[in-house]
Amino acid sequence: MTRSPAKTATCNELLDTFYANLRTVHVEKLVFSGVGGRDVYNITAPFLHDGEEVILGRVEERDSEFSQVFFFTSGADGVWVPRAHTHTYNLQDPCVTRVKGELIVGGVEVITAGDNPPKIVSWVTQFYRGYRIDSLHHFASGPELMKDIRLIELQDGRIGVLTRPQGERGGRGQIGFTIIDSLEELHEQTLLEAEILQHQFVPEEWGGANEAHLLRNGHIGVLGHIACFDRLGKKHYYSMVFSLNPDTLETTPVKIIAARSDFPIGPGKRPDLQDVIFSGGLVRGADGRAVLSVGVSDAEAYRIEIPDPFAEYEV
């Protein structure tokens, strides 16, 4: 593995490389019902639970930031519906993984001020664990104002933890990493002390991890996002990947794997969020292809089949 270059690439430079490489993709929009006409976006990749394919999604009114996380299953007609008799969570942007056989579900809880209407003033990532969807219980909270905390069970049984500090340590948003021996060690101070990975983003831009994959060589394939503002103050988010050696913290350069232009023109939550995609999760196939689940423009959910972006890191 090569260390990230001393000169960090900007979003525009990474986009030039992305658009210069021809690739074959297949795009599918996900259809949802049973949520009262609300938007469903920022979905996870599907996972199997008791033989049933399940995804989590952020469910929200178009003009609101107050969302719920639903578990969805797919009916015979391909339409995704809320899983029967399943608890919903007052969270944003769900994530899911497995650690030592347990299902780990996370999401972002927003903190409001007592205004009318209430104003979001902070947020905290919350984590739940259990062997079954119907018996999850809360076990950990992240530091205030930290999103994009992700877990991955490593080859030796320890747990890798990706963080996203902001402010004095992280600017607009960097990626940190630490290793813990058990889920009982996942607490605020551990997350705050994670070492920041170097040369991921220029100071004017930011990013975060959205999902972690254990690669055949023991390294971590990180699926995430890189983001920037344009001159008009609009946000631009792109799906990206890189590989991380958990023992040395060496990383490969960030690589964009999907952009809003890959998907059909459609509605957005706000004009400044039109060019935004959220990397929800990735399912790798045995044929060198992978399916990426994404939220689009904070209003829709899609899947896109692309060349496996982690394959080159396992050579």
Side-chain angles (χ1 to χ4, degrees), residues 1-27 45 148 150 162 164 170-175 177 196-213 215 217 219-232 234-245 249-265 273-285 287-297 302-315:
M1 179 184 293
T2 58
R3 185 179 294 274
S4 297
K7 181 183 182 301
T8 304
T10 66
C11 272
N12 286 336
E13 290 169 335
L14 293 171
L15 276 175
D16 288 342
T17 301
F18 172 70
Y19 286 124
N21 292 299
L22 296 176
R23 65 205 176 111
T24 302
V25 301
H26 173 73
V27 174
D148 302 326
R150 299 295 186 266
L162 293 149
R164 197 194 69 169
R172 287 181 168 170
Q174 297 288 326
I175 296 177
F177 182 74
I196 295 178
L197 304 180
Q198 300 299 309
H199 310 301
Q200 299 299 103
F201 316 108
V202 299
E204 299 80 15
E205 300 175 354
W206 68 98
N210 295 109
E211 190 182 57
H213 290 251
L215 305 182
N217 55 11
H219 293 176
I220 300 169
V222 179
L223 169 69
H225 61 274
I226 183 171
C228 60
F229 286 112
D230 64 21
R231 294 179 181 178
L232 299 177
K234 293 183 179 181
K235 295 179 180 179
H236 303 269
Y237 275 67
Y238 309 98
S239 290
M240 63 81 171
V241 295
F242 64 90
S243 180
L244 164 67
N245 183 326
L249 299 190
E250 289 180 302
T251 61
T252 61
V254 167
K255 174 178 66 176
I256 288 178
I257 61 168
R260 178 65 182 85
S261 57
D262 284 318
F263 304 94
I265 295 172
L273 299 175
Q274 191 63 41
D275 193 30
V276 167
I277 60 174
F278 177 91
S279 311
L282 187 86
V283 176
R284 305 179 68 195
D287 58 353
R289 306 286 291 177
V291 177
L292 174 66
S293 297
V294 297
V296 174
S297 303
Y302 277 87
R303 288 177 180 169
I304 178 171
E305 184 186 85
I306 59 175
D308 184 348
F310 293 136
E312 67 176 279
Y313 306 140
E314 296 180 320
V315 174

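Note that the numbering runs from 1 along the sequence shown for the chain.
With contacts defined as side-chain heavy-atom distances shorter than 4.5 Å, the pair Val27/Pro264 qualifies. The shortest side-chain heavy-atom distance between Thr8 and Val254 does not fall under the 4.5 Å cut-off.
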Show, in sequence, the C-alpha distance, side-chain angles and deciding distance for Arg172 and Phe201, and conclude whether the side chain to side chain contact (heavy atoms under 4.5 Å, CB included) test is met. CA-CA 10 Å; Arg172 287 181 168 170; Phe201 316 108; over 6 Å; no
Run the side chain to side chain contact (heavy atoms under 4.5 Å, CB included) test on Leu15 and Ile256 for me, step by step, so that the C-alpha distance in whole Å, both residues' side-chain angles and the decisive distance to 0.1 Å come before the verdict. CA-CA 7 Å; Leu15 276 175; Ile256 288 178; 3.9 Å; yes
Go through Val241 and Glu312 one step at a time and tell me if the side chain to side chain contact (heavy atoms under 4.5 Å, CB included) criterion holds. CA-CA 11 Å; Val241 295; Glu312 67 176 279; over 6 Å; no
For Phe263 and Val294, run side chain to side chain contact (heavy atoms under 4.5 Å, CB included): C-alpha distance rounded to whole Å, both residues' side-chain angles, the deciding distance at 0.1 Å, then the answer. CA-CA 10 Å; Phe263 304 94; Val294 297; 3.5 Å; yes
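Between the Thr252 side chain and the Phe242 main chain, no donor and acceptor come within less than 3.5 Å of each other. Between the side chain of Glu205 and the backbone N or O of Val202, no donor-acceptor pair lies under 3.5 Å. Although no hydrogens or angles enter the test, the distance criterion places a donor-acceptor pair under 3.5 Å between the side chain of Gln198 and the main chain of Ile196. In terms of modelled atom types and a separation under 3.5 Å, the side chain of Asp262 and the main chain of Ala259 share a donor-acceptor contact. Put simply, the side chain of Arg284 never gets that close to the backbone of Gly288: no donor and acceptor are under 3.5 Å apart.
Distance check: Ser293 OG to Asn210 CG gives 11.5 Å after rounding to the nearest 0.5 Å. Atoms CG and CG, from Leu244 and Leu197 in turn, are 5.5 Å apart once rounded to the nearest 0.5 Å. Rounded to the nearest 0.5 angstrom, Leu273 CG and Lys234 NZ are separated by 10.5 Å. How far CE of Met240 is from NE2 of His225: 7.0 Å, rounded to the nearest 0.5 Å. Summarising the geometry, atom SG belonging to Cys11 is positioned 8.0 Å from atom CH2 belonging to Trp206; distances are rounded to the nearest 0.5 Å. Taking CD1 of Ile175 as the start and CG of Leu162 as the end, the distance is 7.0 Å to the nearest 0.5 Å.
Nearest heavy atoms, Leu282 versus His213: O-CE1, 2.9 Å. Scanning both residues, Ser297 and Gln274, for their nearest heavy atoms gives OG-O, 2.8 Å. The two residues Arg303 and Val291 make their nearest non-hydrogen contact at CB-CG1, 3.9 Å. Contact detail for Leu292 and Ala258: the closest heavy-atom pair is CD2-CB, 3.8 Å. Gly221 and Leu215 make their closest contact through N-CG, 3.6 Å (heavy atoms, listed as atom of the first residue, atom of the second, distance). In this structure, Gly224 and Ser279 approach most closely via the heavy-atom pair O-OG, 2.7 Å.
A parallel orientation is assigned to the rings of Tyr238 and His236, their planes being inclined by less than 30° (bins at 30° and 60°).
Residues meeting the ring pair (Phe, Tyr, Trp, His ring centres under 6.0 Å) test with Tyr19, sequence neighbours left out: none.
Taking the ring centroids of His219 and Tyr313, they lie at or beyond the 6.0 Å cut-off.
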